[in-house]
Structures are given as C-alpha cells and as structure tokens.
Amino acid sequence: MSSHDAILKLKDVAKSFTMHLRGGAQLPVVANVSFELDKGQCAVLGGPSGTGKSSILKMIYGNYRTDIGQIWLREESGWIDLAKAEPRRILALRESAIGYVSQFLRAIPRVSAFDLVVSAASEGGLDKAAAEQRAAQLLAHLNLPERLWSLPPATFSGGEQQRVNIARGFAGQHSLLLVDEPTASLDAASRARVLELISERRRNGTAILGIFHDDAVRREIADHVVDVTRFAAGVNG
Amino acid sequence: MSSAPVYNFAYLDEQTKRMIRRAILKAIAVPGYQVPFASREMPMPYGWGTGGVQLTASILGAGDVLKVIDQGADDTTNAVSIRKFFEKTAGVETTSLTGDATIIQTRHRIPEEPLTADQILVYQVPIPEPLRFLEPRETETRQMHALQDYGLMHVKLYEDISRHGHIATTYAYPVKVEARYVMDPSPIPKFDNPKMDMCSALQLFGAGREQRIYALPPYTQVTSLDFEDHPFERTKFEKPCGLCGATGVYLDEIVTDDQGGRLFVCSDTDYCEGRRGHETDGGVL
Amino acid sequence: MTDAPLIQANGLTRYYGAHIGCLDVDLEVHEGEVLAIVGESGSGKSTLLSLLSTQLPPTRGEVSYRTRDGVSRDLLSLPEAERRFLFRTDWGFVHQDARAGLRMGVSAGGNVGERLMAVGWRHYGRIRDEATDWLARVEIKAERIDDSPKTFSGGMRQRLQIAKNMVTRPRLVFMDEPTGGLDVSVQARLLDLIRGLVSDYGLAAIVVTHDLAVARLLSHRIMVMRNGRVIETGLTDQVLDDPQEAYTQLLVSSILQS
C-alpha cells in the first residue's frame, strides 16, 4: 500500500557492475530493492558495509545507472522515473528537488567556502541576499570559524571541509535529501548541530534518506530502517 | 628599309588593350571592386608603374595630351621615362600643365588643381588589397569584400590610435566607396583623400604585379574610414609653401644646405610653377 | 529552460576517403548546458567539433542551430554571410593553440575589440572601455591592453582568447582542448575561469578534451568517442563513476592511476 504522502518509491531496483577490465566479471550489488519514503520522514539504510547502501543513494541521485527497476520521485508536475529520466531532467531535479550530502567535499579551486554555500542556496531558488543570509546562518550554525569563510576549502581540515559540505547540502530547498555519513568524522557538538538541521528540514516536509553508522544517531533520527541485506544480490549478500 | 622596331600604337597590341578595357569597364561598373586582369610584361621593372602604364596604353587616343607625375613632380626619372615611353610608342602630345592634360598618370599624388569631367586620372598601385596588412590570404580577403566583413580595417585604425594616440596612417589611408567596398587609394598622402570624393574626373587604378584594376567613376562618394571619437583629419601645414606661398596644399620638406636649413614647398611642381608665373606675391625666392 | 535544443545534430558523418572521421553522431545541446566530448587522439572528437561548427562539411547528416530569433536553422544551407555573422556574434571558438584564435600582430585590446568593430562599433573610447572590462574579467591587467599577445604567457594568451570570444556575449562556445599544453597550476586557474563564465552567462559549450578531469569540472554531460563513433553518453558523474563500456572503464581507470 502506498501512502498518500509518499515522495520516493523504489520498485524492484537492481544493480550490478560489469568489470570489463577483469574479463567482463559481473559484480552484483543489489537486487529487488523496493521501499517507500514519505514527506518529512527519515529513513536510514541499514546493514554492514559492502551491502550496497551507497549504491542505492547514487542510483537515486543519478550518478550510478539503474540497470533494472524504477525509482519514482514525486515533484511538482507529478511522478517521474529517475531510472529513465533524461540527463538534463536529472540535472534540473538536482537543483530543485534532490539534494546530496556526501562524505567528501569535491572542492573547486579558488572558490571560497562562503561562495560555495551561497551558490547552492541560489540554485535552490533564493535571491542573492537571501542566499547569502542562508549561507551565513548555516556556516555559523555548524561552527565554521568565520575567518575561514572567505577561503577556498581545499586547505581546510577534514572536519572543516565536511562542515562546508553539509552547509552546501542543506542550503537548497530540496524535497528529498540523500545523506551519506554526514556526521562521520565530526565531534559531538557538531554532530548535534547536524541532527538539528535534519530535524528542522523534516519539520518543513523534506524527506531524508541516509546512511549513518552511529547507532545512537540512527536511533535518534530514523523513523524506520531499511535493511539493505534483504536486497543482497548473488554471492555478495 | 628602317631596322628600327615598329611598335603598335602605345606599345600594347589591340587584343590586350581590349582585354584591359573590358576590365576597366567592369571596374567602373562596380566602383572600388578589384577586377583581376592578365597583366603583361612591360619593358620596365615592377614597381615602376607597370599597372598604370597598361591602363594608360589602353585608354590613350592619338588626340590625347598626357601628363605623368611622380610624387607630384613631372621631372623625376620615373615620370620622365613613362612620358618618353608614350611619346615614342604613341607619338602623343605630352605636357606638364595639369589643365592641359586629358590623361594624367600619377604615382602617389593627386594634382592640386581640381580635375574636370574630361580628364582621366590613372594611379600606379603597388598593393591593391587594403586588408592584406591583417589578413594575408587572398581567398579570405576576397570573401571579406564579398560579405562586407570589414571589422579588420578598423582594427588597423584602432591599433594606430592605441599606439600613437591618433590615427597615424598618413598615406594609403583606406576609404569606403559608395558605402560598399573598402579600397586602398594607393600610397597617396591622406591629404589627397578628400579630392577623390565626388571628383569630376574618372579615376582608374592599376596594379601590374598584382594584376588588379579598380576604378572610381566621376562623382563617386569616397569616405575615409575613421572612428566617431577620432574622425578623419586632413594633414595641416603650419606654413605656406616656401616658394609660391600657397596654403591648403600638400608640402614636401627639402633640405637646403649643410647647416640643417629646411624649406617646405609644394609637392605639385606644376601648381607651384604656375602660381609663381602668374602671381609672384608670397614667394621667398 | 527552453525545450528546443540550441544546437542539434542528426546522423553526422564524415569520411576521409575510405577512413571514418566520425560516424552517425546524434547530439543535442541546450542553452546553458556544457557537453564534453572525450576520447583519445584519432577518436573523431575534433572532426565532430569541426562538423558542428560548420568548418568542415559532413559527408552526410544535419546540424541545426536555434538563432536568437528562436528559429532553428539548418546550418549547412545557411548563407556564408549569416554563417560568419553567427561566428562573430553568437558563437565562440576557443582553440587549443591560442595563436590560431588570436591575431598575434595585433594588441590585446585590438584582439578583444575586433568582434565589436566587426558588428559595427565605431567609437574608439567605448571599444576600449569594453576591451578593458573584458581583460579584467579574464584577469589580465588593464596596463597590458596595448601589449602584443606575443609577450603573453601561454595561460594569459588562452585567457585573452576567451575574452576575445566572450565580448559579444555568445550563446554557444566551442572549445578544442582549451587547457591542452598548459602547466597544471595554469590549467586549474583557466578551468575555474571558464566554469565561472559558463555559469555567469548561462553559456552553452561543447568542449573537446582527452582529459577526464577537465570534463568532470566543466561539463554536465559527456560523450565518449572511439574510432569515430559515440560509444557512451550520459551525465558526467554517471559516466565517470559508473562507466558501462569497456573502453570508458579503461579511460576512467587510467585517470585514477595517474
């Protein structure tokens, strides 16, 4: 039964890698992935590493190809199957509907931390002043020292880079946020700040799908856990 | 029987003259457009006016009176040689008086005395292509003319201003003909450019080595290229001619002694002599 | 976002005698979109760029372009005058060798001003102001405006070439290995500049490169070419993170190892 509030539905999704450089070896990752997520809900993908949790997030975001199955996303004009959407459509949805916070910041040379966050906020539809205000608010909330704001993050420490990355991820107005270990190397205070951001976004109706290894965090924020081991494909289960 | 060689009238054979006249007619029909023609070997080196000589030979009639000038003077080697050439091969009357001539062949000047409707001015042209400075490919410059793709001409003038603060091109200053073709007026001083505009005489341009003929029919609009904030300016001379006292004419600088003495005098020798013959008011000599 | 593509090619094919330059290529690029064409030398990517920019006639196939009046025009039957007009207004072409895109005998300011003069600008002061402005945007100091590009470093020449193209606010820029032959630090600065211009001006671009890092940083979509054929195409991060074809996997793995 699908809920009226559902925003994301995966149906029978399967993924495997063909390793052409290893004689065409097939590396199955997941199969028969089916679950749903409602507006304002937070679901956590559970299971040991290597079970394909990140692969599922990447298929939804579109940086992995979906071999089989459908990934339905509800947006303004109705439901769209991300597994078959045109590249251009995916790019547009990444600005408006699907956000992604990964573990690693892909820094762009010579762009300051502040400008990175401002541009993410602008892509979400805020005007310049509002985007700058939002960026400042997020960086301050995540305790990134203000002297760093005007510097490119390439030289920052891992934790600092991660906070910039989280600010970027939360700067937009996406209705679905995919988060991959956002709190991994953060201290307790920063982790609490990130969880506050997640709660705030959920109150505004954003659905969150995430990977969290920290059990305490998982218990605190997850409405339900999607057990990825159920979707194990082939020998890698 | 005489063993002296017998030349056809004005040296060129009649077929060649016809070919050149056809090119001239086309050039007149498309003012400023460079018409290719099969330039002949002439009994003089390239650079000595082979293009102009072929034009003159093709339009010359037995009743014409020919004047030849080089940098405004009738008595330089080049002018004297070409005059003698036609005296010998066509037996036409020659003159140094601008007003008496029906055809004037010139290198690098336009006479000061206004030309009339029954005169033809024949220019000797070394490089007919005004775009060559910036675009060496002939195939490309032809396309550019065809499509009026003339931005490059202004790049040349832009470079002048950026380097010198003003348009420093003082001769072979490019012009636009009837708002269509950009044309090289041959290396006349830019002082002479305004004389080409709406001129009563037919003006023909011949480049022998380059095998091109182009023309300005009488009363053709000829505009010197410029910028709105750096308009074309005619060269001005501070003093009158040191010999005849004329003002508003083009002057040459001549060195008068070993102490650095200098004198500015009319470049158009016939004009200067004419003034001194009739009125001896302002001259210093 | 307009639905009609800015440039569109169907079945674009070019033979060099019996040899295939590029075979049956279909593509679309929309406004504001950057497409990277990747592949090794001889893969046909440069042939494709020449075909798309109408510098080389195809053996068969079609290319159409949506001009500013909103009409899609068949580029192959466009009169030469209109084709040239496109080239000096709506299009840019950034060559790998800046000397091919610049007039080396003309000052930096003259190079940038050329397109303006070609479209009828006749006020020296305004041309110069615009050139100064564009030099600043590509990070060339105003005091270099009267210097010849011969005195510029490779990176500066490339930035000058970009300014020369951008001065008429083109909607589509073709780039042929724009960072090729430059030092790594110079490349990074140039890529950053191009990325900024693309997003600030909503440029569409077709970038030919053998460097996947360039494609990753600049492009939205990638087309992988081999032996004149398109073998894989898709979102840039999808093609690079999850390459499907054996050859693409080889390309990606070669980069990661270096």
Side-chain angles (χ1 to χ4, degrees), chain B residues 30 33 127 129-169 172-182 190 193 221-233, chain C residues 54-55 78-92 99-132 134-135 140 142-151 160 163-165 167-168:
Chain B
V30 192
Y33 170 71
I127 297 171
E129 180 48 73
L131 299 165
R132 189 165 301 165
F133 167 80
L134 290 156
E135 177 51 69
R137 290 168 298 175
E138 178 80 18
T139 47
E140 180 61 19
T141 55
R142 284 211 209 180
Q143 284 265 16
M144 292 163 79
H145 283 294
L147 301 168
Q148 297 196 63
D149 193 353
Y150 286 138
L152 269 187
M153 278 325 300
H154 275 87
V155 171
K156 184 173 186 278
L157 300 179
Y158 170 96
E159 291 292 284
D160 251 13
I161 302 173
S162 72
R163 235 172 265 157
H164 309 287
H166 58 93
I167 299 176
T169 302
Y173 191 108
V175 296
K176 200 159 195 185
V177 179
E178 290 287 339
R180 177 59 184 84
Y181 284 99
V182 165
K190 70 171 182 177
N193 270 21
Q221 187 195 80
V222 179
T223 318
S224 302
L225 299 182
D226 60 3
F227 285 103
E228 289 159 22
D229 48 343
H230 286 270
F232 173 82
E233 273 178 19
Chain C
T54 69
Q55 293 173 317
L78 206 62
E80 178 67 11
E82 286 182 49
R83 202 179 69 89
R84 283 186 181 226
F85 184 73
L86 269 187
F87 247 102
R88 60 186 185 222
T89 54
D90 227 19
W91 286 4
R99 284 173 300 185
L102 294 173
R103 293 190 189 278
M104 298 305 282
V106 168
S107 69
N111 265 290
V112 178
E114 181 179 342
R115 277 175 164 232
L116 298 175
M117 292 181 248
V119 297
W121 286 42
R122 292 291 177 265
H123 191 285
Y124 176 83
R126 283 201 280 275
I127 293 165
R128 205 167 165 80
D129 288 349
E130 192 73 7
T132 308
W134 270 100
L135 289 178
I140 294 175
E143 69 217 39
R144 302 298 303 268
I145 190 170
D146 293 329
D147 293 349
S148 154
K150 286 178 192 154
T151 67
L160 177 63
K164 180 187 176 106
N165 276 284
V167 71
T168 51

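These values consider heavy atoms only, across backbone and side chains, with no hydrogens, waters or symmetry-generated copies. Here is how names work: the chains are called A, B, and so on, in the same order as the sequence lines, proteins then strands, and each is numbered from 1. Small disclaimer: the values here were computed from a predicted structure and weren't measured.
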Should B:R163 and C:D146 count as side-chain neighbours, where that means a heavy-atom distance under 4.5 Å?
-> no

d(B:S162 OG, C:I127 CD1) to nearest 0.5 Å is 11.5 Å

Here the gap from C:R88 atom CZ to B:D149 atom CG, rounded to the nearest 0.5 Å, amounts to 4.0 Å

**Q.** C:F85 atom CZ, neighbour heavy-atom count above 12 within 6.0 Å
**A.** no

- Within a reach of under 6.0 Å around CD of B:E178, are more than 12 heavy atoms found that belong to other residues, nucleotides or ligands? yes

More than 12 heavy atoms of other groups within 6.0 Å of C:R99 CZ: no

When every non-hydrogen atom of B:E159 is compared with those of C:G110, the smallest separation belongs to OE2-CA, 3.5 Å

Of the listed C:R115, C:R126, C:E80, the one with the largest count of heavy-atom pairs under 4.5 Å with chain B is C:E80

Exercise. Short question: side chain of C:E114, backbone of B:L152 - any donor-acceptor pair under 3.5 Å?
Worked result: no

| Looking only at atom types and distance, does a side-chain atom of B:D229 sit under 3.5 Å from a main-chain N or O of C:Y124, one as donor and one as acceptor? | yes

d(B:F227 CZ, C:M117 CE) to nearest 0.5 Å is 5.0 Å

The reported gap from CZ in C:R122 to CD in B:E228 (rounded to nearest 0.5 angstrom) is 9.0 Å

Under 4.5 Å to a heavy atom of chain C? For B:H230 that would be side chain

Bottom line for C:L116: the part with an atom under 4.5 Å from chain B's heavy atoms is neither

*asked:* Are more than 12 heavy atoms, taken from residues, nucleotides or ligands other than B:L147, located less than 6.0 Å from that residue's CG atom?
replied: yes

(request) Evaluate salt bridge (Lys or Arg N to Asp or Glu O under 4.0 Å) for C:R84 paired with B:E140, printing each intermediate quantity in order. (result) CA-CA 12 Å; C:R84 283 186 181 226; B:E140 180 61 19; 3.0 Å; yes

